[in-house]
Amino acid sequence: MRYDLVIFDNDGVLVDSEPLSNAILAGYLTELGHPTTYEESLRDYMGGAVHRIHDTILERTGQRLPDDFDETLHSRVFAAFERDLTAVAGVTDVLGKLVADGVPYCVASSGSHERIRVGHRKTGLDLWFTPDTVFSAQDVGRGKPAPDLFLHAAERMGVAPERCAVVEDSPLGVEAARAAGMDVYAFTAMSAPGELPGAHGYFDDMAQLPALLL
């Protein structure tokens, strides 16, 4: 394998959480008087940290979301995770191949550490990641599309950015990886290739990913 580190996004790449979380987010924003469809939630917030929601609503409406917005959103999302969340099909096979080939990997997610832990525990992915291979937008000042999170993960893992491959499924994530100077491979289960410009490769099935990384 030509990379020294593979950095995975979490939501939509490791855990199949985007349909659940965006349906809940759209419903909650609509409930608060900011009508939002599921498709609009995917377009505007998929791949971003929660502060992006606050920033976008404030910019568009001049109104601030409630002080307990994050807590309420997370409680609703976590409850849905406990009921329905699954790992992305085939991703454990990819992780197993990386282990067999001796290639380090980690996760760099716009979600909070708690969100990552809840999702990994529910899906069994906690068996594949240790605390020192899990990085969150909470760890840096700016979330995606800024490159900070990916650069932080690479630094902590001791690998130069140009030796890293990123696996992403959102426009914000692809933009962040490119800004970090890393090769990025776009998983198109939720977004069409045309919505993820600039990726070094595209795939719609996890079984296709190892060949792209060679």
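Values reported hereafter were calculated over all heavy atoms of this structure, with side chains retained and with hydrogens, waters and symmetry mates removed. Quick note: residue numbers are just sequence positions, from 1.
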Check whether [X] and [Y] end up in the same hydrophobic cluster, where Ile, Leu, Val, Met, Phe, Trp and Tyr are linked by side-chain heavy atoms less than 4.5 Å apart.
X	Y	answer
Val140	Ile116	no
Val15	Leu42	no
Met190	Val166	no
Val159	Ile7	yes
Leu25	Leu85	yes

Hey, could you give me the [atom1]/[atom2] distance between [X] and [Y], rounded to the nearest 0.5 Å?
X	Y	atom1	atom2	value
Arg76	Leu20	CZ	CG	14.5 Å
Leu212	Arg2	CG	CZ	8.5 Å
Thr123	Leu127	OG1	CG	9.0 Å
Phe135	Ser110	CZ	OG	14.5 Å
Gln138	Leu149	CD	CG	11.0 Å
Phe8	Leu125	CZ	CG	10.0 Å

Where [X] and [Y] come nearest, the two heavy atoms and their spacing:
X	Y	answer
Ala176	Ala146	CB-O, 3.4 Å
Tyr38	Pro19	OH-CA, 3.4 Å
Ser170	Gly47	OG-CA, 3.5 Å
Met157	Asp132	SD-O, 3.9 Å
Ser41	Asn22	OG-OD1, 2.7 Å
Ala137	Gly143	CB-CA, 4.3 Å

Discussion item. Can you tell me if Arg163 has over 12 outside heavy atoms packed within less than 6.0 Å of its CZ?
Written reply: yes
[X] side chain to [Y] backbone, donor-acceptor under 3.5 Å:
X	Y	answer
Thr188	Phe203	yes
Asp139	Ser136	yes
Glu31	Tyr28	no
Ser75	Thr72	yes
His74	Asp70	yes
His34	Leu29	no

Fill in: salt bridge (charged side-chain N to carboxylate O under 4.0 Å, His left out) evaluation trace for Lys97 with Asp101
CA-CA 6 Å; Lys97 178 164 179 53; Asp101 291 347; 3.1 Å; yes
Any side-chain heavy-atom pair of [X] and [Y] under 4.5 Å:
X	Y	result
Ser21	Arg115	yes
Tyr105	Val94	no
Thr86	Lys122	no
Val107	Thr133	no
Met206	Val13	yes
Leu14	Val88	no
Met46	Leu172	no
Leu209	Val167	yes

Worksheet item: Side-chain donor-acceptor pair under 3.5 Å between Ser17 and Asp11, yes or no?
Response: yes
Discussion item. When you compare the side chains of Tyr3 and Asp183, does any donor N or O come within less than 3.5 Å of an acceptor on the partner?
Written reply: yes
Worksheet item: Can Trp128 and Val99 be said to form a side-chain contact (heavy atoms from CB on, under 4.5 Å), step by step?
Response: CA-CA 9 Å; Trp128 293 91; Val99 170; 4.1 Å; yes
Worksheet entry | Residues Glu168, Lys144: salt bridge by 4.0 Å N-O rule | yes
Worksheet entry | Distance flag, aromatic centroids of Tyr202 and Phe187, threshold under 6.0 Å |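 So the answer is no for these two rings.
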Worksheet entry | Whether Phe78 and Phe81 hold their rings parallel, tilted or perpendicular, with breakpoints at 30° and 60° |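 Tilted, since the angle between the ring planes falls between 30° and 60°.
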Worksheet item: Val103 and Asp4: side-chain contact (heavy atoms from CB on, under 4.5 Å), yes or no, with the steps?
Response: CA-CA 6 Å; Val103 180; Asp4 296 332; over 6 Å; no
Discussion item. Using salt bridge (charged side-chain N to carboxylate O under 4.0 Å, His left out), reason through Arg121 and Glu82 one step at a time and then give a plain yes or no.
Written reply: CA-CA 9 Å; Arg121 184 176 65 247; Glu82 294 291 356; 3.3 Å; yes
Discussion item. Per the salt bridge (Lys or Arg N to Asp or Glu O under 4.0 Å) rule, what does the pair list look like for residues 52-69, sequence neighbours excluded?
Written reply: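 Residue pairs with at least one partner in residues 52-69: Asp44-Arg60.
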